[in-house]
Amino acid sequence: MKRALKWLAVVVLVLALGVGAVFYVAFGRNRPIVDGQVLAPGVETVKDGFVSAFLLDASPGKVALVDCGNDKQGKALLAALQRRGLSPSAVMAIFLTHGHADHLGGCGLFPDAQVYALQEELPLPVRVTHALRDGEVTGVGLLRVEAFATPGHTPGSAVYFADGVLFFGDSAGGSKDGTLMPAVRLFSKAPGQNAASLRALAARLQPRAQQVRVLAFAHSGPLDGLQPLSRFAAQ
Ligand SMILES: [Zn+2]
Ligand SMILES: [Zn+2]
């Protein structure tokens with residue numbers, strides 16, 4: 001019996017180290033996520049453990065979200081709203097970068113919100129009210145949100161552009177050394193397609209490079225300007 005327990009302990013330890021190693025390989029180089037970080041006027045990071053969502057000013061007293069975090073109870077999101085004296089009904093719209101569970105957790109807390117996702121990502125396990133097409137621009141109050149199809153991490157992965165910030169979801173990440181990393185292979189459906197999507201996005205945005213102030217990622221801190229994406233594309 002004691003022997004069996006010993007072996008069980010060894011197996012659990014090896015599994016734990018294995019999981020730790022996988023996470024280190026996947027996320028170890030990431031820039032840290034900082035809760036409450038303001039990426040541009042009207043764009044705030046909400047850190048929900050290992051993932052982030054973003055709070056965007058839409059009009060006075062109204063906001064939009066990019067993704068809704070991992071936590072079904074939405075503690076971090078609700079706290080961020082509360083800091084502004086806002087209730088969940090202030091969330092007018094949610095823009096989903098893709099359908100992985102760590103980005104959909106708190107969506108059910110905002111029944112009044114319009115929910116947007118790319119057509120190719122549907123159906124999702126949460127309520128989606130609008131299917132978006134590549135290039136589509138959505139108005140939410142004073143906010144304008146442009147959707148870019150970047151298939152690869154998932155078939156309907158979207159990058160959104162609003163207020164000078166590009167929101168990549170899991171289609172890319174920011175490393176500690178300031179470079180843009182493609183989607184984590186291990187968790188991606190088609191890594192080659194993801195890299196091609198990032199190159200195509202860089203080419204599309206090059207004429208508007210001046211407008212791109214910040215690159216925002218779901219599992220890492222941000223990078224400045226379009227350049228990290230352009231440099232990735234040039235590799
Ligand atoms: Zn994902
Ligand atoms: Zn994710």
Side-chain angles (χ1 to χ4, degrees), residues 19-35 37 39 43-56 65-77 80 94-110 115-128 131-132 134 147-161 165-176 180-198 201 214-223 229 232:
V19 169
V22 164
F23 268 80
Y24 183 77
V25 168
F27 301 119
R29 287 178 57 207
N30 285 10
R31 301 168 84 77
I33 302 168
V34 178
D35 190 42
Q37 185 174 10
L39 300 184
V43 181
E44 182 186 342
T45 305
V46 180
K47 181 179 190 289
D48 180 8
F50 68 106
V51 68
S52 47
F54 299 92
L55 203 54
L56 283 68
L65 291 174
V66 173
D67 289 339
C68 23
N70 184 49
D71 176 13
K72 281 197 165 58
Q73 279 154 28
K75 267 194 204 126
L77 280 174
I94 300 170
F95 292 86
L96 296 173
T97 59
H98 65 298
H100 284 162
D102 53 323
H103 300 253
L104 308 177
C107 289
L109 299 166
F110 310 104
V115 185
Y116 299 83
L118 270 193
Q119 176 84 59
E120 292 78 8
E121 195 71 348
L122 304 179
L124 290 178
V126 294
R127 178 183 61 98
V128 174
L132 293 171
D134 176 53
F148 295 97
T150 53
H153 178 63
T154 61
S157 277
V159 168
Y160 295 109
F161 185 50
V165 181
L166 266 181
F167 300 92
F168 282 83
D170 288 357
S171 289
S175 83
K176 284 174 185 155
L180 182 137
M181 303 177 289
V184 177
R185 292 187 80 87
L186 188 63
F187 303 129
S188 296
K189 203 129 203 191
Q193 189 186 30
N194 163 257
S197 289
L198 293 175
L201 183 65
V214 178
L215 311 181
F217 313 100
H219 293 284
S220 76
L223 295 170
L229 178 63
F232 172 84

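Index from 1, following the sequence. One-based numbering, in listed order, for ligands and for the atoms of each. On a predicted model such as this, the values are computed, not experimentally measured, just so you know.
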Exercise. Short check: any N/O/S atom of Asp102 below 2.8 Å from the Zn ion (ligand 1)?
Worked result: no
Exercise. Can you check whether His219 and Phe50 have ring centres sitting under 6.0 Å from each other?
Worked result: yes
For this session: Compare all side-chain heavy atoms of Phe217 with those of Leu180 and state whether any distance is below 4.5 angstrom.
Result: yes
For this session: Report yes or no: does His98 have an N/O/S atom closer than 2.8 Å to the Zn ion (ligand 2)?
Result: no
Exercise. Closer than 2.8 Å to the Zn ion (ligand 1), do we get an N, O or S atom from His100, backbone or side chain?
Worked result: yes
Exercise. Which of the N/O/S atoms in Asp170 sits closest to the Zn ion (ligand 2)?
Worked result: OD2
Exercise. Taking side chain as C-beta onward, heavy atoms only, is Leu109 less than 4.5 Å from Leu77?
Worked result: no
Exercise. Going through the checks in order, is the side-chain contact (heavy atoms from CB on, under 4.5 Å) test met by Asp170 and His103?
Worked result: CA-CA 9 Å; Asp170 288 357; His103 300 253; 3.0 Å; yes
